[in-house]
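The next block holds one structure in the form of structure tokens; read it before the comments.
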Number of protein chains: 4
Amino acid sequence: MSQLDYLVKGGLVVDQGVIRRADMAIANGKIVTVAADLAEAAKRTIDARGKYVLPGIIDAHTHPVYLDDLQGTSEAAAHGGITTVIHYAYAKPGTKLMEAINQFRQDGESGSVLDFALHGGLFDPKHQAEEIPMAVAAGVTSFKMFMTYAKLKWMTDDYQLMRTFDIISQAGGMGMVHAENGLATDYLQDKYLQLGRDPKEVFVATRLAVLEAEAVNRAIAIAQVAGCPLYIVHLTASEDVEVVARAREKGYRVFAETCPQYLTLTSEEIFGQGALAKIGPPLRGKQDNQALWKALAGGVIDTIASDHAPKQKTKGDDFFAAAYGSPSTETMFPVVYDAGINGGELSLPRLVQVMCENPARIFGLYPQKGTLQVGSDADIVIVDPALTHTIEQKTQHSHASYTLYEGRTCLGRPILSMQRGEVILEKGTLHTSPGHGKFLRTDTKDGTRGFFAKKKQEQDKY
Amino acid sequence: MSQLDYLVKGGLVVDQGVIRRADMAIANGKIVTVAADLAEAAKRTIDARGKYVLPGIIDAHTHPVYLDDLQGTSEAAAHGGITTVIHYAYAKPGTKLMEAINQFRQDGESGSVLDFALHGGLFDPKHQAEEIPMAVAAGVTSFKMFMTYAKLKWMTDDYQLMRTFDIISQAGGMGMVHAENGLATDYLQDKYLQLGRDPKEVFVATRLAVLEAEAVNRAIAIAQVAGCPLYIVHLTASEDVEVVARAREKGYRVFAETCPQYLTLTSEEIFGQGALAKIGPPLRGKQDNQALWKALAGGVIDTIASDHAPKQKTKGDDFFAAAYGSPSTETMFPVVYDAGINGGELSLPRLVQVMCENPARIFGLYPQKGTLQVGSDADIVIVDPALTHTIEQKTQHSHASYTLYEGRTCLGRPILSMQRGEVILEKGTLHTSPGHGKFLRTDTKDGTRGFFAKKKQEQDKY
Amino acid sequence: MSQLDYLVKGGLVVDQGVIRRADMAIANGKIVTVAADLAEAAKRTIDARGKYVLPGIIDAHTHPVYLDDLQGTSEAAAHGGITTVIHYAYAKPGTKLMEAINQFRQDGESGSVLDFALHGGLFDPKHQAEEIPMAVAAGVTSFKMFMTYAKLKWMTDDYQLMRTFDIISQAGGMGMVHAENGLATDYLQDKYLQLGRDPKEVFVATRLAVLEAEAVNRAIAIAQVAGCPLYIVHLTASEDVEVVARAREKGYRVFAETCPQYLTLTSEEIFGQGALAKIGPPLRGKQDNQALWKALAGGVIDTIASDHAPKQKTKGDDFFAAAYGSPSTETMFPVVYDAGINGGELSLPRLVQVMCENPARIFGLYPQKGTLQVGSDADIVIVDPALTHTIEQKTQHSHASYTLYEGRTCLGRPILSMQRGEVILEKGTLHTSPGHGKFLRTDTKDGTRGFFAKKKQEQDKY
Amino acid sequence: MSQLDYLVKGGLVVDQGVIRRADMAIANGKIVTVAADLAEAAKRTIDARGKYVLPGIIDAHTHPVYLDDLQGTSEAAAHGGITTVIHYAYAKPGTKLMEAINQFRQDGESGSVLDFALHGGLFDPKHQAEEIPMAVAAGVTSFKMFMTYAKLKWMTDDYQLMRTFDIISQAGGMGMVHAENGLATDYLQDKYLQLGRDPKEVFVATRLAVLEAEAVNRAIAIAQVAGCPLYIVHLTASEDVEVVARAREKGYRVFAETCPQYLTLTSEEIFGQGALAKIGPPLRGKQDNQALWKALAGGVIDTIASDHAPKQKTKGDDFFAAAYGSPSTETMFPVVYDAGINGGELSLPRLVQVMCENPARIFGLYPQKGTLQVGSDADIVIVDPALTHTIEQKTQHSHASYTLYEGRTCLGRPILSMQRGEVILEKGTLHTSPGHGKFLRTDTKDGTRGFFAKKKQEQDKY
């Protein structure tokens, strides 16, 4: 064997549901050996003593369209220990899905500092859904629709939802939804605003968890009729968890995601920070935080992703005019690690499952990504569990001028990450350049099948 | 006390959850005594030995708009042992709700042979919902919308559903829905018809139980947001029962109805009888029959009503052009008695609860109707449990030229019924005349509250 | 075909889970036809119009050893509409099991007015269990032990319970237990009596439902280890029901019985009637009555039997010196019919299952007994649902000088019964004589297997 | 403030359900500060960077009576990172409980290298139970009985169990049981041995999980009647977990313990290692291992303890003559840490709850022991999560000549521990001497009350 590129020595390797003390040899972008006490020569030996060595984090939910473009999003993500990003390639009404996919892919291939894949985003499935088979052939196999935001003309009605899931199912893809009952919400919003109530109160009072859980239930029902696997993004509430758990018991192919903000923040932020904390679905209560942690530990929720979408600060109090979204990808791992591991909510192997292994399996990137097996891409992140840092906007790398975690001190931080065998982050500095990232084809057919076989065991375990 | 009008001697009186052997004295249209061995003089003494004496049956779901008008519907119902009917007063698009209510009331007061109340039916709640407070003031307090039939322009979308439930709730009324996901169904129907499949197969394959249960779940969610009590008409499937049971566990004010056809027939009828067996939601499977019986026995379903809506026979095979509905009110009691009591599915006191007491309580007619207490209207039906008869269209009183139960032999039949102390049915002959029936104001505020207090005990019991 | 002996005309026949209007032809002791409108000639035609025709009731739990001997017990039972009795043939310590069985069989063959079978009763299984294979060969296949009454030397400890279940299992028999934790009870009793408390209070305070349910759980565990089917006699409490339901869910072959007294009386009787109401396990609360009815309706409890054991009145207040037991076989059917059918707790077909079909199936007497099929013994009971009578000791036929139901008025009463095609009870008079009854061999191997196949459907039904 | 004795710098402190990076100042045997970046002078500063700092481990289940006496047990425990031991002070038949307690206390005060408390052990509660109030007054408040081992004359029958729980309850103590149905087991053993089967097979085939769960259920029932809190030692099987979970749902005060061997070994050891792996209850299957981990994570099992009881190797194959027990206290923490934390079964904060906080709370030692709060005893253990070692008998400190974990490599090991502010273990060497340990009074009244309040939150959490 030729000389190694890297030898990661003495770390605690977390992978495949276990922690072990192992050295890791890397050459030609791949993991070549994982074993105790490797003594081979390497161009560089990294001392990982006292550190955890994890598969590179996968952020399967980003929107590179507001303040952070695809390059900016990838840079912010890379600073957070992430090595693979799956962006939403949204096709605006009146545009073609393949145009959007091609554009995002091109932007990524020229600008991304990280390997990336794409979800298709359908604002107008009535006119865009027929392109789905083409998208699948092009390596984009998951397609998201909104069940809300009728006022923005983003909402997909149940006719098109049924139709699009049917097309996706035929094409071998996976459906995705932002699940909130948009029309019921709109009535409530119209009514309360007309009554002159405070917009922040109106926002919280109209995006109800019961209407989110309703939409989750509806999407599952319709997807099951179509025989379409379904991935539900950003669950926020205990009501949602109940619906997903029931669907799982029935053997439905349903996957669920939550985000750091729903695990650690509450609607108090909306009243404190105003439109900056306007995200959809909204932040909820402490009990919901707890329910989501339990659902992650117990296997009902499969993944954590960021929903990174930093927007411009809007002037004044025009809460409803403000965009949705917040910067989240760079803070994701430290915030989740601190609240989850230090807070005793999850075991570290389970954290790795929901942030690395599961997104890779669900979207068919496994075992190239999401694991530290011999032959996998050498995408790794080294975490110092004892390193404390305080999140401040001024040291964040998003182009956003704020963070919802301002002043939060987190214990545990990525200190080094590699992509395909090259160090891309070390001590807070990026060593990668735009265009370094490669486009990854997703595959939702076999990946998810394998995932379900795995799920059974996991559920026995947790 | 003045002389009695009637003395019903020797019967087995079924009321308030028990059977007892008692005589019943009737004067001035009211029940004046219920006791063992009454020896008072009466103008007429009715020998009820070997017979069950029940409160008059209430049919809370009829559509007097097709072949049977309000008078015809009431006559058919009266022949079936029913003494109170609640008709749907539907306001067509472009018409006023109060016009419909006034018209149906007028038709009833001039033509009904039975006491009657009305539900408001909203084809176009966007323009009709503002009349709801007026309707409530006029004694019509329950309002139904369709969650399906978009092609017929009958469908209410979730915005209007949310809004209308809100208005109903404020007015002290009760919401009602026909729960099926109309848009998802329409997509499936368009697709399958385009593929040239047999219309009957298409009908069955597109009105799926999972899409009905979805709509039930959605209606409950939206009604709960509005704080609106909800009555779900004609449940058909085990999937529905699961949804309602969960809502009950959460303490939601949700009521559920099923119909004789969903308890005793299956989708085989559609293939055998074609468009005559086209009802909405459709007939389902034997397992659903069983699930509905269990839900009635266990307290999840509250009422049985007929959904009487006999339509014209259509020529040829134009299944989708045919109207929905079937004649059902006259056959309801014998069919349910035979399958439920003789089939061992329900106890007789429970049958009386779901066909008499519960509809009276839910719609605020209790204790005037639905029970045999002293002071209640003398609405009674005497049932001979040993009398067999075979259902044939030619001896039915609907104007329909068919019955879905042709040739079915039922054991147990009403042989005499009274309304307000007058014999209106005896040995198959009506002794009442159009205009005899009185309009009854419903009241869904206190009635349902009392009902829920009662529910608790019932659930302990069953 | 030769002339019929009997034609039962016009009745409502309750059998196999349904009620139908049918005539029944009887010849040579067997049912030969069941059909509508039989017009064949018969020596006697019985008018059953307005009446229910049931399989003869089976009382599977009697103790013909106190005031009523085997003849007396059978006479009292016959007056209650029972046609088959299964007596406990108890072998006292120091005696042989086969001696007891032979003696009881001989007493029955000479004195019983009804067909009868026997359970073996083991006071001293350590010395008696080896006779079990002989007993099985002799047609006695079920064997009861006490888990309580150590002070009376009746208690079987867990060593002998394990051993005896093992022997029973090998022999193809069925285990039975009186389940109460005797030793824990004894400690409590010793303590409270020493404190000088009122014996009635002590009795109630020491025979706790939680200690009964414990013993039920223990018997089930030990029987399962032995692979021995288990029949638990006289369940009394909601705690028991929970244990049995759990065992059923696990697929254990466990059968459960309750008695009229546990369904309709409470511990108030003990304080009111003193030692006369001393039965073991004791009468409990109203909530337990309700739980037992629900368990019967829902399929958790399989049978109702009387535990008939009328004892002498003891003088004075010596509550603890008094024997256990009460007269119950004659009142069983009317009391259960009134509370169960008139009270709306059970459907009539379910009542027939738990009082006729199930005991016949469990003990292998089916379809000779327990059903009204062509070829079955013509054991029938005709019930007038409208006949009221008031239970009074002076008109009862037990030799007991009391009844726990004194003054209770019941609606619904057997008016005629037949055994093997001969009228044995008519209008309160017996037409049978000692020795008329035949010994029946039980069979707990195949019968129970068939029963379990049936159970599945039943559970789907209720 | 006077100068500090110790400053523990840079560690990850695990306590109260969370991990934080904190320094810890220790003076006069107590924790005086826990805060980030303490800069005070101390006699010695311990570098805990890359290490976890935990409350000293509490081993609440040891038997210092075989090869390891109290001193030897405490030394083995200390080598395993344990700082507090609760020994069983067993009173042999014919001896006084207080004699045993006084002897064990004296042995401990003269020989223990660790702080210690005592459980009372009753071989003959009939004659020993009356001393329980004295024992409680002397600071020994928990009392264990055997529900098995009748052949050894150790078994307590249900009369004495009921009586003793009653006495314990009155005295404010806590009951404890070794739960197996001894008599049923004895029958099976007698039978199978007589049939000449292999003793190891017989052992496994007669100590059935269903008979253990039965005894757990029985002990809970009897304790509840007495109103006595109950601690069930060494649960082994999924069947047990189900019973305890049900009792918890009912609000019973029941605590449950398991041991490292039941979490990580199976009955394969018995066939491989023979009598050395003979422990009671026996090792079971992999599914049981998993069920116990889940029960620990989910809050059904409260504690892990060692059941340390190393016995002499017996010659030859005399399996049944061999004593029960195995050495376990020294290996406990590394084995559980490796399988639990590295295996992803538990979060580290939960591990600290079940090995430190919960035993301290249940036995009333909290917050003196079991936590790292200011004012608590400075009992700490520093764990290096990356230190691997292989368990071998020759490097263990028990007097046993074997370990069931021979050759098992564990990742994660205690490297330093302190008791009351003095380093007692460092790099594998003890720095403490016999008699250093102090006797601790337990208190099961208030401690458990506080525990239950805490439980609620925990259950919300997991």
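Residue numbering restarts at 1 for every chain, and letters A, B, ... go by the order of the sequence lines.
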Working to the nearest 0.5 angstrom, can you tell me the gap between A/Asp384 CG and D/Arg49 CZ? 10.5 Å
Can you tell me if D/Glu392 has over 12 outside heavy atoms packed within less than 6.0 Å of its CD? yes
On a heavy-atom basis, which atom in D/Pro349 and which in A/Asn342 lie closest, and how many Å separate them? CG-O, 4.0 Å
How long is the straight-line distance from CZ of D/Arg20 back to OG1 of A/Thr388, given to the nearest 0.5 Å? 12.0 Å
Whether A/Ser347 side chain and D/Gly344 backbone form a donor-acceptor pair below 3.5 Å: yes
Side chain, backbone, both or neither of A/Leu411 within contact of chain D (heavy atoms, under 4.5 Å): side chain
So what's closer than 4.5 Å to chain A heavy atoms on D/Ile341: side chain, backbone, both or neither? both
Inter-residue atom distance D/Asp338.CG - A/Ile19.CD1, 0.5 Å rounding: 9.0 Å
When A/Gly50, A/Ala386, A/Ala36 are compared by non-hydrogen pairs under 4.5 Å with chain D, the top option: A/Ala386
Interface moiety of A/Leu351 toward chain D, non-hydrogen atoms closer than 4.5 Å: neither
